[in-house]
Amino acid sequence: MGPVPQRQDRFSSRWHKGLTGVGALFCVAAALMVPFAYPTQTLWYKTGMDKILLIAGQLMGLLAMVLLGGQIVLALRPIFLERLFGAALLMRWHRGNGVLATGLAFGHALLVLIPEGLATLPIGWTFWPEMTGAAVLLLLLGTTVISRFRAALRFEYRRWRLFHRPLGYLIVALVPLHVLFVSESFAGGPPRVGLLIGVLLLFAMAFVTWFHRGRSNQH
């Protein structure tokens with residue numbers, strides 16, 4: 001009778017991994033549908049290559065936003081994910097996902113600015129949502145570079161972790177500010193509600209994880 005429970009455990013593990021993958025794909029698909037279901041006003045008067053670049057830039061930005069949310073989940077290593085995939089694999093995904101999110105954020109900024117003209121950069125307090133996005137990009141680039149070359153820079157791991165963790169949460173907190181006020185797609189309706197719910201769930205997950213681990217350490 002020994003092999004039966006083992007087969008059941010493997011089936012349960014595959015089932016839960018499948019559900020986790022479907023949930024992640026749903027978040028990605030929902031985000032990528034926004035520019036088509038709720039187009040920005042800029043797309044109304046763009047044509048040809050400018051329109052293609054702008055849509056591509058929006059899609060890259062939305063995908064970067066979802067991946068940054070995933071960064072928080074991977075960094076938290078919730079118990080159910082750690083049991084399914086293991087801590088080592090989650091950390092490898094975290095590192096690779098961070099690089100991918102940074103590249104997408106850089107591509108987003110470039111492709112959105114090119115149709116408008118790089119000479120007309122939105123700079124100043126009037127354009128604070130755009131400036132917030134620029135700050136996020138600079139923070140991402142700095143974090144990624146230091147993470148990749150931490151050993152060469154002789155940045156001790158404990159000091160880096162103290163710096164890296166709050167910076168990660170700051171980035172994820174700034175992203176909604178940029179998205180909600182820079183894009184008409186998130187001015188209301190399902191996109192705005194979905195984004196706000198997603199942010200609340202992320203920080204609720206962080207609080208629950210910290211609370212649970214704090215109690216575990218006490219015992």
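Taking hydrophobic clusters as Ile, Leu, Val, Met, Phe, Trp and Tyr residues chained together by side-chain heavy-atom distances below 4.5 Å, L195 shares a cluster with L170. Both L63 and F36 are part of a single hydrophobic cluster, where members link through side-chain heavy atoms under 4.5 Å apart. F127 and L139 fall into different hydrophobic clusters, defined by Ile, Leu, Val, Met, Phe, Trp and Tyr side-chain heavy atoms under 4.5 Å apart, directly or through other members. Cluster annotation: V193 and L202 are assigned to distinct hydrophobic clusters (Ile/Leu/Val/Met/Phe/Trp/Tyr, side-chain heavy-atom contacts under 4.5 Å, transitive). By the criterion of side-chain heavy atoms lying less than 4.5 angstrom apart, applied directly or through intervening Ile, Leu, Val, Met, Phe, Trp or Tyr residues, M33 is not grouped with V28; the two fall into different hydrophobic clusters.
Considering V73, L74, I72 as possible partners of L76, the one that fulfils the side chain to side chain contact (heavy atoms under 4.5 Å, CB included) test is I72.
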- Item | Derivation and outcome, side-chain contact (heavy atoms from CB on, under 4.5 Å), residues L196 and L180 | CA-CA 9 Å; L196 292 174; L180 289 172; 3.8 Å; yes

- Message: Show, in sequence, the C-alpha distance, side-chain angles and deciding distance for F85 and K17, and conclude whether the side-chain contact (heavy atoms from CB on, under 4.5 Å) test is met.
- Response: CA-CA 8 Å; F85 301 103; K17 285 180 180 179; 3.8 Å; yes

- Message: Is there a side-chain contact (heavy atoms from CB on, under 4.5 Å) between L90 and H94? Walk through the geometry before answering.
- Response: CA-CA 6 Å; L90 292 178; H94 179 74; over 6 Å; no

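Listed here is the closest heavy atom pair of S13 and L84: O-CD2, 3.7 Å. Scanning all heavy atoms of the two residues, the minimum distance from V66 to A31 falls at CG2-CB, 3.5 Å. Nearest heavy atoms, T144 versus G98: OG1-O, 4.1 Å. Scanning all heavy atoms of the two residues, the minimum distance from S185 to P39 falls at OG-C, 3.9 Å. Taking all atoms of both residues into account, the shortest heavy-atom contact from F186 to M65 is CZ-CE, 4.5 Å. Annotation for A64 and A101: closest pair CB-O, 3.8 Å, computed over non-hydrogen atoms.
L54 places none of its side-chain heavy atoms less than 4.5 Å from the side chain of L111. Between S147 and W160, the closest side-chain pair of non-hydrogen atoms falls below 4.5 Å. Counting heavy atoms from C-beta outward, Y169 and P166 have side chains that stay 4.5 Å or more apart. Between L68 and L140, some side-chain heavy-atom pair lies under the 4.5 Å cut-off. Looking at R148 and V99, their side chains come closer than 4.5 Å, going by heavy atoms from C-beta outward. Side-chain contact between L201 and M205 is absent, with no heavy atoms from C-beta onward closer than 4.5 Å.
Here the straight-line distance linking atom CG of D50 with atom CD1 of I55 works out to 11.0 Å at 0.5 Å rounding. Separation of atoms CZ (F106) and CG (L138) is listed at 10.5 Å; rounding is to 0.5 Å. From R14, atom CZ reaches atom CG of L19 across 14.5 Å, with rounding to the nearest 0.5 Å. Summarising the geometry, atom OG1 belonging to T143 is positioned 10.0 Å from atom CD belonging to Q71; distances are rounded to the nearest 0.5 Å. Rounding to the nearest 0.5 Å places CG of L137 at 8.0 Å from OG1 of T102. Atoms CD1 and CZ, from I79 and R83 in turn, are 5.5 Å apart once rounded to the nearest 0.5 Å.
A distance-only check finds no donor-acceptor pair linking the side chain of E130 to the backbone of V182 [under 3.5 Å]. Remark: side-chain polar atoms of H108 are not paired, donor with acceptor, to backbone N or O of M60 under 3.5 angstrom. No donor-acceptor pair closer than 3.5 Å links the side chain of N97 to the backbone N or O of G70. In this structure, the side chain of S183 does not engage the main chain of V179 through any donor-acceptor pair within 3.5 Å. The backbone N or O of P129 sits less than 3.5 Å from a side-chain atom of H178, completing a donor-acceptor pair.
Heavy-atom neighbours of M91 CE from other residues, nucleotides or ligands within 6.0 Å: above the threshold of 12.
Listed by chain and number, the residues in a salt bridge (charged side-chain N to carboxylate O under 4.0 Å, His left out) with E82 are R77 (sequence neighbours excluded).
Using a 30° and 60° split on the angle between ring planes, F181 and W128 fall in the tilted class, from 30° to 60°.
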